[in-house]
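Okay, so here's the structure we're looking at.
A note on names: the letters A, B, ... follow the listed sequences, proteins ahead of strands, and every chain is numbered from 1. Worth saying up front: this structure is predicted, and the values here are computed from it rather than measured.
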Amino acid sequence: MKLNRRSLLTVFDSLLTAYGRQHWWPGETPFEIMVGAVLTQNTAWTNVEKAIANLVARDKLLPEAIIAARKDHLANWLRPSGYFNVKAERLKNFCRWYVEAGGFDALSKLDTATLRDALLSVNGVGPETADDILLYAFGRAVFVIDAYTRRLFSRLGQVPAEVAYEDLRLAFEDKLGPDVGLYNEFHALIVVHAKTVCRVRPRCGDCLLRENCPAGRGSNDCPRDLSR
DNA sequence: ACCCAGGGTCATA
DNA sequence: TATGACCATGGG
């Protein structure tokens, strides 16, 4: 991996200049952020918002309420976010764990590695979901890796395309040093860059993030040369 | 009509 | 350990 601190910060600065600060995660409370992290798995955020709105409308955006709800009812509220049967089960799993563990205050006392392992022990919470929660709900210095991050830096020639999640996360954290504010903004900017480019020119063939786009050129609508 | 989305689990070899 | 199937709605 040719990853180094300077090249990472160069990309970060390009994105920050292009899009500005993002103030992530979209969500009012830590628990809402956690719910959003589960629901957004392989799903457009606009769909997640509708599902969360359904929960709020019924006063169900609470761990106890989700645990108590019938699974088929919960699945119907989650319907807009897709994979609703799977996500109903995952959300229940998560909430049972969350309540059992004593909620936010109790979990906040755990060190980051312990908390991460605990999150990963929940069926339905994988590495990215766990890291979203760690960074954005608990404010821990954990760099979130997603498909965009891997694609972007592999197209920039800085990491192998098939790099493992954990290897890439540790590489980012090693090069950048622990910095919650930077990690927060960086991941948000990568996602926003992907959305922006794709909204402006779907399947344009130019962007660095879309699966089927060759690297190398850029449209006028995105900060294409992120390495300068 | 097709492609994609802020993944994760499980069954198989 | 490494692929592949599966989950499903909604927007471009």
May I have the distance from A:L39 (atom CG) to C:dA8 (atom C1'), rounded to whole angstrom?
-> 13 Å
Touch class at under 4.0 angstrom, heavy-atom based, for A:V125 against every strand present = sugar-phosphate
Check the distance between B:dG8's P and A:L78's CG and give it to me in whole angstrom.
-> 17 Å
Select from A:D146 and A:G124 the residue whose nearest nucleotide in DNA chain B is closer to the 5' end of that strand.
-> A:D146
How would you label the contact of A:T129 with the nucleic acid (heavy atoms, under 4.0 Å): base, sugar-phosphate, or nothing?
-> sugar-phosphate
Are A:Y19 and A:Y148 connected in the hydrophobic side-chain network, where two residues link if heavy atoms are under 4.5 Å apart?
-> yes
Which listed nucleotide (B:dG7, C:dT9, B:dG8) is nearest to the side chain of A:N42?
-> B:dG7
Do NZ/NE/NH1/NH2 and the carboxylate oxygens of A:R151 and A:D146 come within less than 4.0 Å?
-> no
Toss me the dot-bracket line for DNA chain B: Watson-Crick and G-U wobble, both under 3.5 Å, 5' to 3', using | for pairs to another strand and [ ] for crossers.
-> .||||.|||||||
Which nucleotide in the set B:dA5, C:dT9, C:dG11 lies at the smallest distance from any side-chain heavy atom of A:T46?
-> C:dG11
Counting only side-chain N and O atoms of A:K50, is one of them less than 4.0 Å from OP1 or OP2 of C:dA8?
-> no
Determine whether the aromatic ring centres of A:F186 and A:F143 lie less than 6.0 Å apart.
-> yes
Within this structure, what is the CG-to-C1' distance between A:N54 and C:dG10, rounded to whole angstrom?
-> 14 Å
From the candidates C:dT9, B:dA5, B:dG8, the one with an atom nearest any side-chain atom of A:N47 is C:dT9
Quick one: label A:G126 by what it contacts on the DNA or RNA (base, sugar-phosphate, nothing), any heavy atom closer than 4.0 Å.
-> sugar-phosphate
The nucleotide from C:dG10, B:dG8, C:dA8 with an atom nearest the side chain of A:E128 is B:dG8
Nearest whole angstrom, please: distance from the C1' of B:dC4 to the CH2 of A:W45.
-> 18 Å
Nucleotide nearest A:R151 when distance is taken to its side chain, options C:dG10, B:dA5, C:dA8 | B:dA5
Could you state the atom-to-atom distance from CD of A:E166 to P of C:dT1 in whole Å?
-> 15 Å
Check whether more than 12 heavy atoms from other residues, nucleotides or ligands sit under 6.0 Å from atom CZ of A:R21, and answer yes or no.
-> no
Within-4.5 Å side-chain heavy-atom neighbours: A:W24 and A:E185 = no
Checking all strands, does A:K87 fall into the base, sugar-phosphate, or nothing category for heavy-atom contacts under 4.0 angstrom?
-> nothing
Pairs satisfying side chain to side chain donor-acceptor pair (under 3.5 Å), at least one member in residues 47-64 of chain A, at least two apart | A:W45-A:E49
Output yes when A:R169 and A:E166 qualify as a salt bridge under the 4.0 Å nitrogen-oxygen rule, no when they do not.
-> yes
Check the distance between B:dC4's P and A:Y148's OH and give it to me in whole angstrom.
-> 11 Å
Quick one: A:Y83 OH to C:dA8 C1', roughly how many Å, whole number?
-> 7 Å
Pairwise P distance, B:dC10 and C:dA8 [rounded to whole Å] = 14 Å
Is the phosphate of B:dC10, meaning OP1 or OP2, less than 4.0 Å from a side-chain N or O of A:N123?
-> yes
Nearest-Å distance for atom pair CD1/P, residues A:I52 and C:dT9 = 18 Å
Can you label the angle between the A:F94 ring and the A:Y98 ring as parallel, tilted or perpendicular, going by 30° and 60°?
-> parallel
